[in-house]
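Numbered from 1 within each chain, the chains take letters A, B, ... in sequence-line order.
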2 protein chains.
Amino acid sequence: MRESATERLTVTAARLFQERGLNRVGINEIIREADVARMSLYNNFKSKEDLALAAYGAVSKSRQDAVDAAIAASDGPEAAILAIFDLAADLAGGASFRGCAFIDLAAHAAVDDARLIDLVRRHKSALRGRFSRLAERAGVADPEKTARQLLALWDGSLTDAFIEGDAAPVSAARCAAEHLLSQGK
Amino acid sequence: MRESATERLTVTAARLFQERGLNRVGINEIIREADVARMSLYNNFKSKEDLALAAYGAVSKSRQDAVDAAIAASDGPEAAILAIFDLAADLAGGASFRGCAFIDLAAHAAVDDARLIDLVRRHKSALRGRFSRLAERAGVADPEKTARQLLALWDGSLTDAFIEGDAAPVSAARCAAEHLLSQGK
DNA sequence: TGCTGATTAGACCGACTTGTCTATCTAGCG
DNA sequence: CGCTAGATAGACAAGTCGGTCTAATCAGCA
């Protein structure tokens, strides 16, 4: 038997949401692409928001795993930070890249979608925390501030790469990260 | 007589779009807030997209004017760049701040809304151009690259300030800009 | 085989969207 | 005054959306 309906729905929704954004993908398209009946969706998830929560949660987890793997494979904290920016370059290079999926989600979520907004906040906070620990290990003077700067470079360069349709902002941001690390200590 | 319907519609739409995003504000709300009849909208604008184009165009112009004023009032290119980041801090400090309106617009615009996406591209390109000229005057080695880094800091810090609900990312980004300027020459 | 519980396709609902149309009203002007 | 051109409110069309419901079908198992 093929994988469960829950899993197929989550994976399909994650892909479509990343390709076009939460509000530009409807239930009908998701169930068609996932090859699942309408009621199977609502038997597994209470609502579209619940499905979105599961889908974006899975994306968040896989992104964090990729970051952790890059850190583990790197030789020292400075190299790890640069390796994380290489991940950004990979993202920005992909076809139909629409910028960071979580920034997109924050833009699409209504003010009352508290759980979705919380997910975005937790995702960004997790990345900032990793930057902060690496910056501390690298011996910079103010790791928290450096982490905020690295996160801004990450988010801004992914966004600009989306808007310009070119990955140049990401490599420029990587250079800026190098400078900040060599100077901030 | 009060100002024209076109102007009231443009101003009202600009405010509402910035408060909640293009797709979360409907025609009905705009005409109600602008105190204008439905048909007056469609006599002045071909469609909602045309109104959005006018509204965001006005916002873009006023933002660029503010940046130019900050540049003119500054003592030297480095100070001008920092003054631009002070503008970002003002934006991020406002109530109901939702991040850069043009990033939000890029997230909401469909792939086929070519004119809206173009507007975003031109807006960001204009800001990057100003950064580039200032960086050149400041004598950095690679003004284009420095401009990309400054733009990423600008966009990323505004986005993070929105997500976190706190202006701290913007002041951290300002510090990063200082570092980049002192090192990039 | 026959039973049971999950899954299916698709009709259906109500709310909402942008955009059109009409019939009425009003302001300016000769 | 009467005329005209524009503005008005609101009904309406056509479509989309998320979500519910039903009736038929299917798979697994005793």
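- B/D160 and A/K124 are not joined by a salt bridge, as no carboxylate oxygen comes within less than 4.0 angstrom of a charged side-chain nitrogen.
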Quiz item: Taking it one step at a time, do A/H108 and B/H108 satisfy ring pair (Phe, Tyr, Trp, His ring centres under 6.0 Å)?
Solution: CA-CA 7 Å; A/H108 279 82; B/H108 280 84; 4.7 Å; yes

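- Put simply, CD1 on A/I31 is 11 Å from P on C/dG10, counting in whole angstrom units.
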Practice problem: Take A/T12 and A/E33 through the side chain to side chain donor-acceptor pair (under 3.5 Å) test and state the conclusion after the steps. | Solution: CA-CA 7 Å; A/T12 305; A/E33 295 268 314; over 6 Å; no

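- One interatomic measurement links the two molecules: CG of B/N28 to P of D/dT8, which rounds to 15 Å at whole-angstrom precision.
- Going from atom CG of B/N23 over to atom P of D/dT16 covers 16 Å, rounded to whole Å.
- In this structure, the CG atom of A/L9 is 13 Å from the P atom of D/dG19, given to the nearest Å.
- Of the residues in residues 37-50 of chain B, B/R38, B/M39, B/Y42, B/S47, B/K48 come within less than 4.0 Å of DNA chain C through at least one heavy atom, sorted by number.
- Using a 4.0 Å cut-off between charged side-chain N and carboxylate O, B/R15 and B/E19 make a salt bridge.
- In this structure, CZ of B/R24 is placed 15 Å from P of D/dC17, rounded to the nearest angstrom.
- The CD1-C1' distance, from A/I27 to C/dC16, rounds to 16 Å in whole Å.
- When the P atom of C/dC16 is taken as reference, atom CD1 of B/I30 falls 17 Å away, rounded to whole Å.
- For residues 36-48 of chain A, the set of pairs meeting the side-chain hydrogen bond (donor to acceptor under 3.5 Å, both in side chains) definition, not counting sequence neighbours, comprises A/T6-A/N44, A/N28-A/R38, A/S47-A/D50.
- Atom P of nucleotide D/dT8 and atom CZ of B/R32 are separated by 16 Å, given to the nearest angstrom.
- Salt bridge B/E78/B/R137: absent, no basic N to carboxylate O contact under 4.0 Å.
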